[in-house]
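For this chain, numbers begin at 1 and follow the sequence in order. What you see is a predicted model, and the numbers here were worked out from it, not measured in a lab.
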Amino acid sequence: MSDSSISRTLCDYCRLPIPRAWWSNSAPPSSREPQYCCLGCRVAAQITAERSPDQQSRALLTRLGIAIFLSMNVMVFTLALWSQDVYGFDLGDQATATLTDLFRYISLLFTIPVLFLLGQPLVVNAIQSTLQGRPSTDLLISVGILSAFGYSAVTVFRGEGHLYFEVVCMVLVLVTLGRWIEAVGRQKANASLDQLEELIPPVVQKLNDDTLVETARDEIQPGDLIRVFPGERIPLDGEVISGQAHVDQQILTGESELKGVDVGQAVYSGSLLLDHSLTLRVTAAPREDTLARMLEIVRQARLQKGRYARLADRVATLFFPLVVIIAVAATIWHGTQTGWELGLMSGLSVLLVSCPCALGLATPLAIWNAMSRATRAQVLFRNGDALEQLARIDTICFDKTGTLTTGETQLTSLIPTDATTTAELRQAAISLAEHSSHPLCRAILADESAPSISRLTLTDVAQIPGKGVSGRAEDSGESLLLGNQRWMHEQGVMIPSAFESQLQDNADDGLLVYVAQGQRLLGAMSFAEELRPETETVLSELRSQSLSLEVLTGDRQQRATSMANTLQIPVQGELLPDEKAKHVQQRQAQRHRVLMVGDGVNDAPALTAADVGLTFGGGTDLARDSAGICLLGNDLAVLPCLIDLSRQTMRTVRWNLFWAFGYNVGGIALAAAGQLNPVISAILMFGSSLFVITNSLRIPGFEDRSDAQERETSTRETTEERTATPTEESSSLETVTF
């Protein structure tokens, strides 16, 4: 098995990666005992096995309660022994000796159950992790605990010397409680994905010869027919074979608006069927459907480590042997200088106060929590470094069509040349538009006259990104072109100056597409395009976050200038897809960190070139790998919240690392100097982990959706008022890219 597969073994409790083995080169077999990443997960899994949630809590409280009760009794008897030593209570030599021996034996008796209740899982986890090549401080703590217990037990039977049963008990209580809280924190960071996965029904109604048969979802194959009833989640991606209904796709897209589906339309797993039953032909196998791929993308992203996580890993690699050396050195030094009792306690204090847990949790827990919050807001991170990169950006480059604009356009006018009829222009344009999914081609086909127009039979059809669509008419053999002005010039199509003047008089909005046959211009088509209602507010919020903004578009520079005046940000026009990528690289050469926001198709080169790319619509095409971040919905207003989330997450990570490094350096130094009691060390270790966990889990989520909707409504009203009184610049002649 490859090294990568070994490192991606997941904990059976929290479902997060188990640390890489130090010396073992073999992964656990598939038919193995459960694997856990830490003692906390092992204890939590054992306590919660085959119990209801209420029983889980009661079992944990009972186990810890018994251990704490016994530990407190040990503390009381130890305090009595200390008081006798300090204050010299004299009940008579024989009575004092008898009472002292009784207290010693009772302390031993009460410590043994605590050792089995809480020490046994610690020792088992230490041994198993060591055999698997992943030694941890559990091994060191186990050695220290057993040494303290063994020394104290011998002291009891000898009848002289100090006892450290209270150290054994309190350390076990604090370590177990701390590790369990860590495990719960990791599981909570992973819980939202499990909740999404649990929405999918494990059993589906398969249609066999008009008979419904309950079948496990994992046994369904593409091509099978299934029936879904109102109120059920659609279990797999499919195509509607019969029935009409409304579905709620909010879990995938974040859009609250219901979608009507009919025969021939696609539906996606995780969507909620509302009003009528549907018969579906399955189009994707289990584990390959939309929701499963979405979850897998997030899980895989968690397995990839960012810059801070790699730093923590490098430190943790040196941490274990360094702590061992310091603990052994402290034990030997204090043992030879002041006695082996103090030496043993000093070494144990070093082992306890060192907190690799806090160091190990500092980065991943904060990032996992942030990614879980983002997933609930329909935002996917495709790799582990994307969140860190997003927090560091200072420049955002936007695509225009479908990103800052609605992506929906309307055909407003046809302007044929003097030698061409409107019917010829329309027929050529519609015949080519059928072979493209570009928004302008969809607008051509959506025109009310399109269904009545006969199509030309085309061969050699090709779509050239950033330019247009070409084909060859089968009957005449002549080439047909549909695209922007720049491409027409490249193909040798001349645009007469008289026709340019005609366009100035007739074009409504100035979004122009030209149509040519061979090298003869047939005419042009004018389209209307609108900004998203939330665009201006979003850009204003991003400017307030000290970000530099600009738009990269293939439109003519005249259109770009008009948009720049409207949005009050720089707009670079007449850019092909590869030129957008070069512009991004130029900004990076100027030491800027760039986020590219685009539609993920024509903008793929720029999305790949940027430090991090963000695209829309990942719910229907999770195979796009050019962008590190994917918005499953179509809400641009998420972007400022997402940047806030990333920055807050990285601030939390840096503070966690600062605390973990500072705590460990200071704590180990004090412990090695003999200035910390082992119980105090255990309390500090518990507090360190608790701080990192609570600090990571308190990262704020996205803003309330109702606030965003109110803001969108207000922005829409402002936009409509502005549109009602167009400026001279906004009505100027423009062209658009493909």
Please name the pair of heavy atoms, one in Ser107 and one in Val74, separated by the smallest distance, quoted to 0.1 Å.
O-CG2, 3.9 Å

Got a second to check how far Phe165's CZ is from Leu115's CG, nearest 0.5 Å?
10.0 Å

Would you indicate whether the side-chain heavy atoms of Val379 and Val638 approach each other to under 4.5 Å?
yes

List the steps, then state whether side-chain contact (heavy atoms from CB on, under 4.5 Å) holds for Phe149 with Leu108.
CA-CA 9 Å; Phe149 177 80; Leu108 172 61; 3.8 Å; yes

Flag the pair Phe77 / Tyr105 as yes when at least one side-chain heavy-atom distance between them is below 4.5 Å, and no otherwise.
no

Which atom pairs, donor and acceptor, lie under 3.5 Å between side-chain atoms of residues 328-337 and protein residues at least two apart or in another chain?
residue, atom, partner, partner atom, Å
Thr331, OG1, Ala327, O, 2.8
Thr331, OG1, Gly343, O, 3.4
His334, NE2, Ala672, O, 2.8
Thr336, OG1, Ile332, O, 2.9
Thr336, OG1, Trp333, O, 3.0

Is there side-chain contact between Asn73 and Ile106, with heavy atoms separated by less than 4.5 Å?
no

At their closest point, which heavy atom of Pro235 faces which heavy atom of Ser269, and how far apart are they?
O-CB, 3.7 Å

Within a strict 4.5 Å, meaning less than it, do heavy atoms of the Arg217 and Pro202 side chains meet?
no

Just by distance, do the side chain of Arg104 and the backbone of Val156 share a donor-acceptor pair under 3.5 Å?
no

Ile629 vs Leu387, side-chain contact (heavy atoms from CB on, under 4.5 Å): CA-CA, chis, key distance, verdict
CA-CA 8 Å; Ile629 307 171; Leu387 185 67; over 6 Å; no

Are Thr652 and Gln648 close enough that some pair of their side-chain heavy atoms sits under 4.5 Å apart?
yes

After noting the C-alpha distance and the side-chain angles of Phe110 and Val114, does the key distance pass the side-chain contact (heavy atoms from CB on, under 4.5 Å) rule?
CA-CA 7 Å; Phe110 281 11; Val114 178; over 6 Å; no

Report yes if the side chains of Val173 and Leu118 come closer than 4.5 Å at any heavy-atom pair, otherwise no.
yes

Atom OG in Ser71, atom CD1 in Ile66: separation rounded to 0.5 Å?
11.5 Å

Report the distance from atom CD of Gln675 to atom CG of Leu670, rounding to the nearest 0.5 Å.
7.0 Å

Would you check if the side chain of Gln545 reaches a backbone N or O of Pro640 as a donor-acceptor pair within less than 3.5 Å?
yes

Any Arg392 side-chain heavy atom under 4.5 Å of Val612 side chain
no

What's the separation between atom CE in Met650 and atom CG in Asn656, rounded to the nearest 0.5 Å?
10.5 Å

Measure the CZ-OG1 distance between Arg654 and Thr649 for me, rounded to the nearest 0.5 Å.
10.5 Å

Rounded to the nearest 0.5 Å, what separates atom CG in Leu70 from atom CG in Leu117?
7.5 Å

